[in-house]
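Heads up, the thing below is written out as structure tokens.
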Amino acid sequence: MRKIRALIGTLVTVAMIVYGINKLGFIVRPTDTDGAYSQIETFHSLPEDSVEVIIYGSSHAYRGLSTIEMYNKYGIGAYNYAWHWQSISTTKIWLKDSLLTQSPKVALIECFNANAPLKDVPLYPEIYYCRYLRRRSGIDDYLKQCFGTDKEKYLAFYMPLCAFHDNWDTLTESSFAGLDADGSFLRKTMGYAPDDKVTEITIPEYLALPQEPLSTLAIAELDEIVSICQENDVEIVFYTVPWEGEYKNGDAMAKYAQENGCAYLDLFKYADDVGYDGATDFSDKAHLNTSGSIKTADYIGKYLLENYDLKDMRDDEGDIWGGEG
């Protein structure tokens with residue numbers, strides 16, 4: 001009996017230690033990734049097979065393409081399933097995650113970080129927020145590529161206290177708050193983040209942008225994305241939006257898309273056709289504001305209607321956009 005009590009006491013102590021470590025790890029987490037939890041949970045709350053177009057990519061997509069404008073003007077049923085910092089590696093597992101519940105006709109993949117796949121890197125916040133994805137989304141292979149055989153990085157991913165203990169010096173009230181799974185804002189905008197701030201920028205001339213090839217690893221990631229979409233009968237439209245900076249992979253992406261039966265819209269190249277204005281359409285030097293994101297949605301929405309068989313969700317009984325935007 002004494003041995004049993006000792007064993008129970010040991011198990012209780014271990015459980016309390018593990019709980020404490022997890023709780024402390026939560027407190028020192030990078031709180032700027034909390035929104036990803038809400039984005040993922042909001043997406044998962046959508047009715048199954050309700051979305052025909054899904055947008056993936058970095059903040060250039062999340063802040064730069066208005067799903068509500070695509071609905072209001074063209075009746076396109078889209079969800080903006082992008083988030084901050086995403087490399088093409090992270091976009092790939094968000095694609096896998098989305099296909100667990102949705103059967104889109106078109107994947108719109110923003111390419112700011114198309115040539116920046118993750119391999120043997122630290123525990124970036126971008127990697128950390130992927131812990132909120134469903135386990136079947138391929139996260140194990142993703143972590144192997146990110147971390148290789150470095151066990152300390154895996155430990156940091158699953159026990160954030162190991163990775164973010166220095167955050168004790170920068171704790172805020174939100175550090176102690178729970179994760180917000182409400183998602184009411186993202187549900188209203190269908191994943192898109194409007195920003196009415198205006199910063200005047202200079203849009204680079206397309207022909208003045210230096211060009212470079214895609215890396216071997218980037219091509220491998222893109223190949224896997226294409227394969228996943230082909231297996232699920234999803235058409236791919238790669239695209240890039242302008243900012244005050246260089247985009248060196250426009251020619252390479254155009255070549256890759258042509259060789260793999262995909263579309264590519266380089267909006268650096270078509271900035272005048274879209275109607276971008278450096279004085280009115282940007283929230284900062286890197287991101288479109290509400291005005292710019294509406295112009296992007298108008299241009300891409302028209303392209304989608306002309307090239308793909310999409311329903312007008314405004315006439316659909318299962319419409320989940322009307323009245324939400």
Side-chain angles (χ1 to χ4, degrees), residues 29-44 54-65 79-102 104 107-148 150 153-154 156-158 160 163-164 179 186 191-193 214-229 232 234 236-241 247 249 253 256 262 286-287:
R29 75 197 182 280
T31 54
D32 54 356
T33 66
D34 286 0
Y37 174 76
S38 184
Q39 173 71 299
I40 292 166
E41 292 299 303
T42 302
F43 181 85
H44 289 165
I54 303 179
I55 300 139
Y56 308 89
S58 70
S59 57
H60 289 250
Y62 170 60
R63 296 169 57 180
L65 203 164
Y79 190 91
N80 193 324
Y81 199 31
W83 201 254
H84 300 296
W85 312 304
Q86 275 191 27
S87 68
I88 197 66
S89 308
T90 305
T91 292
K92 180 182 69 179
I93 66 165
W94 280 53
L95 168 67
K96 290 182 178 180
D97 176 82
S98 67
L99 295 178
L100 296 175
T101 56
Q102 299 295 329
L108 268 174
I109 301 177
E110 181 267 328
C111 296
F112 176 71
N113 283 323
N115 204 27
L118 301 177
K119 184 175 177 62
D120 298 328
V121 295
L123 179 56
Y124 295 145
E126 170 191 352
I127 300 172
Y128 175 83
Y129 66 58
C130 291
R131 70 204 309 269
Y132 302 132
L133 295 172
R134 295 181 177 178
R135 296 296 297 164
R136 291 182 295 147
S137 61
I139 196 168
D140 293 333
D141 290 337
Y142 171 76
L143 292 179
K144 287 178 184 178
Q145 182 172 305
C146 292
F147 298 155
D150 191 327
K153 294 177 182 178
Y154 288 94
F157 179 82
Y158 291 108
F164 305 114
L179 292 171
L186 291 169
Y192 149 71
L214 296 168
S215 70
T216 300
L217 183 57
I219 292 173
E221 293 290 83
L222 289 166
D223 285 348
E224 188 171 351
I225 285 172
V226 170
S227 177
I228 292 167
C229 287
N232 290 274
V234 181
I236 297 177
V237 178
F238 294 111
Y239 78 100
T240 307
V241 294
Y247 184 64
N249 304 122
M253 281 304 308
Y256 179 86
C262 307
H287 300 94

Handout entry: Of W94, Y124, Y37, F157, the residue whose pairing with Y129 passes ring pair (Phe, Tyr, Trp, His ring centres under 6.0 Å)
Key = W94
Practice task
Scan side-chain atoms only and decide if S98 and Y56 contain a donor-acceptor pair under the 3.5 Å cut-off.
Solution key: yes
Handout entry: Donor-acceptor pair between S59 and H287 side chains, under 3.5 angstrom
Key = yes
Practice task
Could you walk me through whether N249 and C111 pass side chain to side chain contact (heavy atoms under 4.5 Å, CB included), step by step?
Solution key: CA-CA 9 Å; N249 304 122; C111 296; over 6 Å; no
Handout entry: Considering all heavy atoms, the nearest E126-Y142 contact
Key = O-OH, 4.1 Å
Practice task
Would you check, one step at a time, whether the test salt bridge (Lys or Arg N to Asp or Glu O under 4.0 Å) holds for K96 with E224?
Solution key: CA-CA 11 Å; K96 290 182 178 180; E224 188 171 351; 3.2 Å; yes
Problem - Closest contact, heavy atoms only, L118 versus S87 - result: CG-OG, 3.3 Å
Practice task
Decide whether Y256 and D223 meet the rule of one side-chain donor and one side-chain acceptor closer than 3.5 Å.
Solution key: yes
Handout entry: Shortest non-hydrogen contact from P104 toward V234
Key = O-CG2, 3.4 Å
Problem - Set of ring-ring contact (aromatic ring centres under 6.0 Å, His included) partners for Y62, sequence neighbours left out - result: W83, H84
Handout entry: Atom pair CD1 (I88) and CD1 (I219), whose distance is rounded to the nearest 0.5 Å
Key = 12.0 Å
Handout entry: Trace of the side chain to side chain contact (heavy atoms under 4.5 Å, CB included) decision for H60 with Y239
Key = CA-CA 10 Å; H60 289 250; Y239 78 100; over 6 Å; no
Practice task
Kindly give the heavy-atom pair with the smallest separation between S89 and P117, and that separation in Å.
Solution key: OG-CA, 3.3 Å
